[in-house]
Amino acid sequence: FVALLNDVSVFQVVWALRNYARFILFYAACLLYLDEKAEKAFWKTMLWIYYINFLVMNYQFYFAGISRDDLGGLFGGTGSNSALNIFILIVLCYVTSSWLSKKKSIVSLSAVYGIAIYEAVLAEIKIVFIEIAILFVLCLVFNLWYVHDIRKILKIVLVGAGAAIVMSF
């Protein structure tokens, strides 16, 4: 929408969407075509990559002097923020859904969200903070049938409020 307001060609917008759509299509294809065992292995691998990316980004930022748009961890240098953004959101979506269905602990959820916020700050991906709030609400809505306990709902509200407070700084 913003691109069209800035008089960017529709062809350029469609071409740029191709770059983002391939990540989303890959994850969707994995979910559609993998059996349950392979899907568990896929998500375990994705979480390992997520934590390794966290370590690589710390090394790049503190020891290699790489910052802002050049900081991408395992996703490369300049221009890698889009890939990092999509990766963060997909892992957050998985962990949030797993937590809501009681497959992940609140500690695991908090660690993944904390890393996401930290990486977004280091790489200066500002849109992630808005996307996290939207993602959390959407996961809550889509997983509502898993939430039957008033204490669980209270925890969700507290984690959401905590995330909002952290993001406001």
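Computed from a predicted structure; not experimentally measured. Note that the numbering runs from 1 along the sequence shown for the chain.
In this structure, CZ in Phe75 is found 10.5 Å from CG in Asn85, a value given to the nearest 0.5 Å. Between Ile86 atom CD1 and Ile88 atom CD1 the span is 10.5 Å, to the nearest 0.5 Å. How far CG of Leu92 is from OG of Ser97: 10.5 Å, rounded to the nearest 0.5 Å. One finds the CG atom of Leu84 at 9.5 Å from the CG atom of Leu89 (value rounded to the nearest 0.5 Å). Atom CD1 of Ile115 and atom CG of Leu122 lie 11.5 Å apart (nearest 0.5 Å). Atom CD1 of residue Ile125 and atom CD1 of residue Ile117 lie 13.0 Å apart, to the nearest 0.5 angstrom.
Counting only distance, with no hydrogens or angles, the side chain of Ser108 and the backbone of Lys104 share no donor-acceptor pair below 3.5 Å.
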Show me the donor-acceptor pairs, under 3.5 Å and distance only, between side chains in residues 47-57 and residues at least two apart or in other chains.
residue	atom	partner	partner atom	Å
Tyr50	OH	Val112	O	2.7
Tyr50	OH	Ala116	N	3.1
Asn53	OD1	Leu74	N	2.6
Asn53	ND2	Glu119	OE2	3.4

> Is there a side chain to side chain contact (heavy atoms under 4.5 Å, CB included) between Val95 and Trp43 once you walk through the steps?
Replying inline: CA-CA 9 Å; Val95 171; Trp43 285 116; over 6 Å; no
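At least one side-chain heavy atom of Gln60 sits less than 4.5 Å from a side-chain heavy atom of Leu71. Side chains of Val107 and Trp99 form no contact here, defined as non-hydrogen atoms less than 4.5 Å apart. With a 4.5 Å cut-off on side-chain heavy atoms, Thr96 and Tyr113 count as touching.
Applying the side chain to side chain contact (heavy atoms under 4.5 Å, CB included) test to Ala41 and every residue at least two apart in sequence or in another chain returns nothing.
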